[in-house]
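Input: a single structure, listed below in structure tokens.
Counting from 1, the numbers follow the sequence of the chain as shown.
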Amino acid sequence: MLKIAIVQHVIRWNELECNLQHITSLLDRQPGAGLYVLAETFATGFLAEGSAEKAGLQAPQIVCWMKQQARRLDAAIAGSVAMVDEDGLLRNRLFFVRPDGSYEYYDKHHLFSYAGETKEYVAGERRVVTEWRGVRLLLQVCYDLRFPVFSRNLGDYDAIIYVANWPARRCEVWQTLLKARALENQCFVVGVNIVGSDKFCEYLGDSVVIDAYGQTIASCVSGKEGIAVAELDMDALLRFRKKFPVLDDADEWPL
């Protein structure tokens, strides 16, 4: 089993040091997990309007912090960072960092044009699945949740991680789609959202872990900071897939 801690936290917008110190204190409250999942742009909040220069300066420090925490906790840690890549392009990059300092990353594919994300950021093209302690994990960011084709289970993953800054006014959409992704892909779904408010929106969190039956197996209290823990029972998931082989009957894609 993989023990996952979902960290529902407040972000002080563009206050890097304050956020990292605060999240460190939250992690210390819940030792013993094998994976800690933080929110989208967890260290800075969602940077827009001229954020490239800031991101270029801050991202290396954030990734260094993630490596330190992964080593200290002997666990993987995941969360997204606004980062200027080697080509000078700004990406919303979800890092998955292991205790030995190695990492994989996924660049957000579906940029939220409604809020101007396409004006600053460049979309990623790679679909990324990583493995950790016996569980194959598909990495996704926020708005990706609305697009089921991109997250379709091709038999190559057991759980989806969604990290988000998802507004309170669309909380029912968040809750509904997380459950739908779990049911249609016969997998665990881990959804981590921020709580509190910034200059743009209010956020309720509603962070959850959902199993392949669509049942919530761990959740944070809506509207409050906190950490919830769930164990992903791979034996139970494999038994369910064998007994009820929905994925075997999926359509070929493209049609």
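- Summarising the geometry of Ile11 relative to Thr44, their closest heavy-atom pair is CG2-C, 3.7 Å, with the distance given to 0.1 Å.
- Looking only at side-chain heavy atoms (C-beta outward), Gln69 and Tyr36 stay at 4.5 Å or farther from each other.
- In this structure, Leu137 and Trp132 have side chains that are in contact, with non-hydrogen atoms separated by less than 4.5 Å.
- For Trp166 against Asn193, the heavy-atom pair with the smallest separation is N-OD1, 2.7 Å.
- Scanning for ring pair (Phe, Tyr, Trp, His ring centres under 6.0 Å) contacts around Phe42 gives Trp65, with sequence neighbours left out.
- Between Glu225 and Val10 the shortest heavy-atom distance is OE2-N, 2.8 Å.
- Sorted by first and then second residue, the salt bridge (Lys or Arg N to Asp or Glu O under 4.0 Å) pairs involving residues 26-35 (not counting sequence neighbours) are Asp28-Arg72.
- The CD atom of Gln215 sits 8.5 Å away from atom NZ of Lys179, with the distance rounded to the nearest 0.5 Å.
- Applying the ring pair (Phe, Tyr, Trp, His ring centres under 6.0 Å) rule to His22 yields no partners; only residues at least two apart in sequence or on another chain are considered.
- Note that CD1 of Ile160 is 12.5 Å distant from CZ of Arg136, once rounded to the nearest 0.5 Å.
- Under the 4.5 Å side-chain contact rule for hydrophobic residues, Val192 and Ile77 do not share a cluster.
- Two rings, from Tyr105 and Phe96, have their centers 6.0 Å or more apart.
- Using modelled atom types, one side-chain atom of His109 and one backbone atom of Gly124 make a donor-acceptor pair closer than 3.5 Å.
- Partner of Leu94 under the side chain to side chain contact (heavy atoms under 4.5 Å, CB included) criterion, chosen from Leu139, Val128, Val81: Leu139.
- Residues meeting the salt bridge (Lys or Arg N to Asp or Glu O under 4.0 Å) test with Arg133, sequence neighbours left out: Asp74.
- Linking Ile, Leu, Val, Met, Phe, Trp and Tyr residues whenever their side-chain heavy atoms come within less than 4.5 Å leaves Tyr157 and Leu2 in two separate clusters.
- Between Ile4 and Leu232 the shortest side-chain heavy-atom distance falls below 4.5 Å.
- Using a 4.5 Å heavy-atom cutoff, the side chains of Phe112 and Thr118 are not in contact.
- Within the 4.5 Å cutoff, no side-chain heavy atoms of Tyr103 are placed close to those of Met66.
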Phe200 and Phe46: CA distance, side-chain angles, deciding distance, ring-ring contact (aromatic ring centres under 6.0 Å, His included) verdict: CA-CA 9 Å; Phe200 307 109; Phe46 192 80; 7.4 Å; no
- Item | side-chain contact (heavy atoms from CB on, under 4.5 Å) between Ile62 and Leu16, intermediate numbers included | CA-CA 8 Å; Ile62 299 169; Leu16 175 62; 3.5 Å; yes
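- The pair Glu117-Lys108 meets the salt-bridge criterion, since a charged nitrogen lies less than 4.0 angstrom from a carboxylate oxygen.
- When only modelled atom types and interatomic distance are considered, Thr130 and Arg98 share a side-chain donor-acceptor pair under 3.5 Å.
- No path of Ile, Leu, Val, Met, Phe, Trp and Tyr side chains, each step under 4.5 Å between heavy atoms, connects Met83 with Tyr106, placing them in separate hydrophobic clusters.
- Scored by the ring pair (Phe, Tyr, Trp, His ring centres under 6.0 Å) test, Phe147 finds His110, Tyr143 as partners (sequence neighbours excluded).
- Under the 4.5 Å side-chain criterion, counting only non-hydrogen atoms from C-beta, Asn92 is not in contact with Asp107.
- The hydrophobic cluster containing Val122, built from Ile/Leu/Val/Met/Phe/Trp/Tyr side-chain heavy atoms closer than 4.5 Å, also comprises Leu89.
- With sequence neighbours excluded, no residue satisfies salt bridge (Lys or Arg N to Asp or Glu O under 4.0 Å) with Asp144.
- A continuous path of Ile, Leu, Val, Met, Phe, Trp and Tyr side chains, each step under 4.5 Å between heavy atoms, connects Val63 with Leu73, placing both in one hydrophobic cluster.
- Here the shortest heavy-atom pairing between Glu40 and Val163 reads N-CB, 3.7 Å.
- The CG atom of Leu238 lies 10.0 Å from the CD atom of Gln186; values are rounded to the nearest 0.5 Å.
- Sorted by first and then second residue, the salt bridge (Lys or Arg N to Asp or Glu O under 4.0 Å) pairs with a member in residues 234-248 read Asp158-Arg241; sequence neighbours excluded.
- Note that CG of Asp85 is 8.5 Å distant from CG of Leu90, once rounded to the nearest 0.5 Å.
- The main-chain N or O of Ser80 is never found under 3.5 Å from a side-chain atom of Thr41 such that the two would form a donor-acceptor pair.
- Evaluation of the side chain to side chain donor-acceptor pair (under 3.5 Å) test over residues 200-212, restricted to residues two or more places apart or in two chains, returns Gln8-Ser207, Gln175-Asp206, Asp198-Tyr203, Asp206-Ser222.
- The cluster map of Ile, Leu, Val, Met, Phe, Trp and Tyr, joined by side-chain heavy atoms under 4.5 Å apart, puts Leu138 and Leu145 in the same cluster.
- Listed by chain and residue number, nothing satisfies the salt bridge (Lys or Arg N to Asp or Glu O under 4.0 Å) test with Asp233 (two or more places apart in sequence, or in another chain).
- Among residues at least two apart or in separate chains, there is no salt bridge (Lys or Arg N to Asp or Glu O under 4.0 Å) pair with a member in residues 11-23.
- In this structure, CG in Asn165 is found 12.0 Å from CH2 in Trp13, a value given to the nearest 0.5 Å.
- Between Ala230 and Ala218, the shortest heavy-atom contact is CB-CB, 3.6 Å.
- Here the side chains of Cys220 and Ile6 are in contact, with some heavy-atom distance below 4.5 Å.
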Please evaluate residues Lys67 and Phe95 with respect to the criterion side-chain contact (heavy atoms from CB on, under 4.5 Å), reporting the C-alpha separation (whole Å), side-chain torsions for both, the decisive distance (0.1 Å), and the verdict. CA-CA 10 Å; Lys67 291 180 179 180; Phe95 283 92; over 6 Å; no
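- For Arg169, there are no salt bridge (Lys or Arg N to Asp or Glu O under 4.0 Å) partners two or more places apart in sequence or in a different chain.
- Under the 4.5 Å side-chain criterion, counting only non-hydrogen atoms from C-beta, Phe188 is not in contact with Ile210.
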Item checked: Test side-chain contact (heavy atoms from CB on, under 4.5 Å) applied to Tyr162 and Val190, step by step -> CA-CA 6 Å; Tyr162 288 102; Val190 179; over 6 Å; no
Report task. Take Val7 and Val37 through the test side-chain contact (heavy atoms from CB on, under 4.5 Å) and record every step on the way to the result. Result -> CA-CA 6 Å; Val7 186; Val37 183; over 6 Å; no
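- When all heavy atoms of Gly134 and Met234 are compared, the closest pair comes out as O-CG, 4.0 Å.
- Once rounded to the nearest 0.5 Å, the distance linking CG of Leu26 with CD of Gln21 reads 12.5 Å.
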